[in-house]
Enquirer: 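Structure in structure tokens, see below.
Throughout, a chain's letter reflects where its sequence line sits, starting with A, and its residues are numbered from 1.
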2 protein chains.
Amino acid sequence: MANRHADTIADELEDMILDGRFANNDRLDEVQLAQRFSVSRTPIREALQRLTQAGLVEQIPRRGAFVRQPGAIELIEMFEVMAELEAASARFAAMRMTDAALGDLNDANEKCMKAMQDQDADSYYRENERFHHIIYAQSGNSFLEAEAKRLHRRLKPFRRLQLRLRGRLRQSMSEHESILEALANGDPEMAAQVTRQHVAVQGEKFHHLIATLKIAAE
Amino acid sequence: MANRHADTIADELEDMILDGRFANNDRLDEVQLAQRFSVSRTPIREALQRLTQAGLVEQIPRRGAFVRQPGAIELIEMFEVMAELEAASARFAAMRMTDAALGDLNDANEKCMKAMQDQDADSYYRENERFHHIIYAQSGNSFLEAEAKRLHRRLKPFRRLQLRLRGRLRQSMSEHESILEALANGDPEMAAQVTRQHVAVQGEKFHHLIATLKIAAE
DNA sequence: GTCAAGTTTTTTGTATACAAGATATCCAAA
DNA sequence: TTTGGATATCTTGTATACAAAAAACTTGAC
């Protein structure tokens with residue numbers, strides 16, 4: 001990609017923002033960050049530019065850079081788009097997927113299941129991510145794969161939240177089964193539909209969660 | 001957004017690349033560009049960073065920035081994704097669209113038709129773009145709208161190419177009619193399907209065009 | 001004439017310097 | 001006490017300086 005220093009700084013800042021280590025609208029002071037990373041302002045500014053492009057930071061001219069956590073509405077919109085990208089991936093994958101990849105997908109799903117039974121959250125997240133990434137890759141469309149990965153990563157912290165809802169995990173696994181079945185049958189429309197539903201419901205659950213939190217806060 | 005100078009420079013460079021004023025793999029020399037724009041290297045570097053993020057430029061560490069025109073395969077992939085984004089927009093629009101917007105869409109379509117009869121290419125492109133942008137906006141999903149606009153813009157120069165094919169324009173207009181009808185009927189699945197087809201066929205026509213050009217070149 | 005090692009020249013990436021705009025502080029008047 | 005304006009301070013945005021890496025060139029051996 002680009003220059004090493006600014007690159008790694010951007011990655012670190014991205015992680016920090018996505019992990020929620022900054023509050024919304026926190027100002028990212030250039031000199032402070034420069035000191036923290038022991039570099040000059042130049043690579044910091046490059047990193048901030050990158051984050052701005054990625055939508056994680058908003059830069060206001062002559063005012064500075066502010067972390068920009070998406071609001072509830074924007075998150076729902078993003079989940080909606082994610083559902084469409086996943087549905088499209090699944091549709092293509094149903095037609096283009098290799099047998100070997102189908103085996104991998106099955107493997108990821110079984111490990112997901114096992115992780116759920118073992119209450120092993122880390123393992124669950126890892127295998128669930130693998131499950132979805134395999135579908136993106138098997139769309140046979142690298143551009144789609146890249147876009148899907150990008151948005152998937154952006155939504156990661158919020159997916160975790162939503163999975164805490166009672167019964168959601170088990171339901172999610174059953175949806176995986178339907179996806180697997182549709183892909184195994186090579187049924188593009190079915191694959192697209194169940195996959196869209198699988199992701200869209202995450203957005204809805206998330207919405208529900210937000211609403212609940214709001215009520216609880218009153 | 002960000003700083004004025006680097007901003008406008010990025011926009012200008014973007015236009016130049018999208019208009020094809022640079023060949024693929026052309027190196028974008030920082031000092032040369034700095035002189036051309038009468039600024040220092042700093043804002044140039046910021047602009048190049050932005051273009052890299054947008055996928056128009058590839059930066060190789062310690063080597064420089066190179067314009068990166070998508071190849072045939074990548075273009076087909078991008079058209080495939082565009083088709084999905086448009087289809088999703090149309091699906092949502094079928095459910096959420098206002099009557100006023102439906103009127104606007106009809107208006108854009110009629111002006112498109114008129115432009116075709118008048119052989120007025122500029123007017124055609126403008127109204128065609130308006131047609132599609134209305135659908136994005138009426139998806140009621142700003143995030144989707146932004147993503148669709150972004151990709152639409154990226155594909156702009158290649159859509160123009162494809163429209164030169166004999167009979168393509170008339171076919172395209174008839175597809176617009178089907179889209180309008182589905183939206184007017186509030187039929188989400190039909191709207192998604194005809195819209196996907198409308199855009200996907202552009203990719204196929206484009207593919208066909210490329211193949212033809214290659215044969216002609218031999 | 002070709003190739004390879006060593007040297008010079010470019011070019012990138014980072015640090016620092018400086019200018020202009022934004023924010024904060026202070027003081028006086030109502 | 002509060003408000004308004006003038007001044008001081010801080011912060012961003014751009015220019016310049018410098019170090020290190022890559023490319024280009026030179027020179028010498030075969």
Enquirer: Whole angstrom is fine here: how far is it from CG in B/L33 over to P in C/dT12?
Expert: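 Spelled out: CG on B/L33 to P on C/dT12 is 10 Å.
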Enquirer: Is A/R41 touching bases, backbone alone, or none of the nucleic acid, heavy atoms closer than 4.0 Å?
Expert: base
Enquirer: Under 4.0 Å between any heavy atoms, over every strand shown, what does A/V39 touch: base, sugar-phosphate, or nothing? Just pick one.
Expert: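 Here A/V39 touches the backbone only, sparing every base.
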Enquirer: Separation of B/E46 atom CD from D/dA15 atom P, in whole Å?
Expert: 11 Å
Enquirer: May I ask you to decide if B/A65's main-chain N or O and B/Q59's side chain share a donor-acceptor pair within less than 3.5 Å?
Expert: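 Not at all, since once roles are kept as given, no pair shorter than 3.5 Å links the two residues.
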Enquirer: With a 4.0 Å cut-off, would you call A/K149 and A/E145 a salt bridge?
Expert: yes
Enquirer: Ignoring hydrogens and angles, state whether a donor on the side chain of A/E86 or A/H198 is under 3.5 Å from an acceptor on the partner side chain.
Expert: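 No donor-acceptor contact under 3.5 Å links the two side chains.
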Enquirer: Nearest of D/dT14, D/dA23, C/dT14 to any side-chain atom of B/P43?
Expert: D/dT14
Enquirer: For A/R63 and C/dA22, what is the distance between atoms CZ and P respectively, to the nearest whole Å?
Expert: 8 Å
Enquirer: Looking at C/dT12, C/dT14, D/dT14, which one has an atom nearest to any side-chain atom of A/T42?
Expert: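 Looking only at heavy atoms from C-beta outward on A/T42, the closest nucleotide is C/dT14.
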Enquirer: Round to the nearest Å and state the distance from A/I44 atom CD1 to C/dT14 atom C1'.
Expert: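 A/I44 atom CD1 is separated from C/dT14 atom C1' by 12 Å.
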Enquirer: Taking OP1 and OP2 of C/dT12, is either one under 4.0 Å from a side-chain nitrogen or oxygen of B/R45?
Expert: no
Enquirer: With the side chain of A/D29 defined as its heavy atoms from C-beta on, choose the nearest nucleotide among D/dT11, C/dA22, D/dA22.
Expert: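 Nearest to the side chain of A/D29 among the choices is D/dT11.
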Enquirer: Does A/D19 reach the main-chain N or O of A/R21 with its side chain, forming a donor-acceptor pair under 3.5 Å?
Expert: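 Such a contact is absent between A/D19 side chain and A/R21 backbone.
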Enquirer: Write down the distance between CG (A/L28) and P (D/dT11), rounded to a whole number of angstrom.
Expert: 14 Å
Enquirer: Looking at the side chain of A/R27, which of D/dA22, C/dT11, D/dT11 is the nearest nucleotide?
Expert: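 Closest of the options to the side chain of A/R27: D/dT11.
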Enquirer: Please check: side-chain N/O of B/D26 versus main-chain N/O of B/A23, any donor-acceptor pairing under 3.5 Å?
Expert: yes
Enquirer: Expressed in angstrom and rounded to an integer, what is the separation of B/Q59 atom CD from D/dA21 atom P?
Expert: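 Roughly 19 Å, once rounded to whole Å.
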Enquirer: Starting at CD of B/E30 and ending at P of D/dA22, how long is that distance when rounded to a whole Å?
Expert: 15 Å
Enquirer: Which one, C/dT12, C/dG21, D/dT14, comes nearest to the side chain of A/R62?
Expert: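 For the A/R62 side chain, the nearest candidate turns out to be C/dG21.
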Enquirer: Of the listed nucleotides (C/dT23, C/dT12, D/dT14), which one gets closest to any side-chain atom of B/S40?
Expert: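 My answer, after comparing the listed nucleotides, is D/dT14.
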Enquirer: Can you tell me how far P of C/dT10 sits from CD of B/Q35, to the nearest Å?
Expert: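 Atom CD in B/Q35 sits about 13 Å away from atom P in C/dT10.
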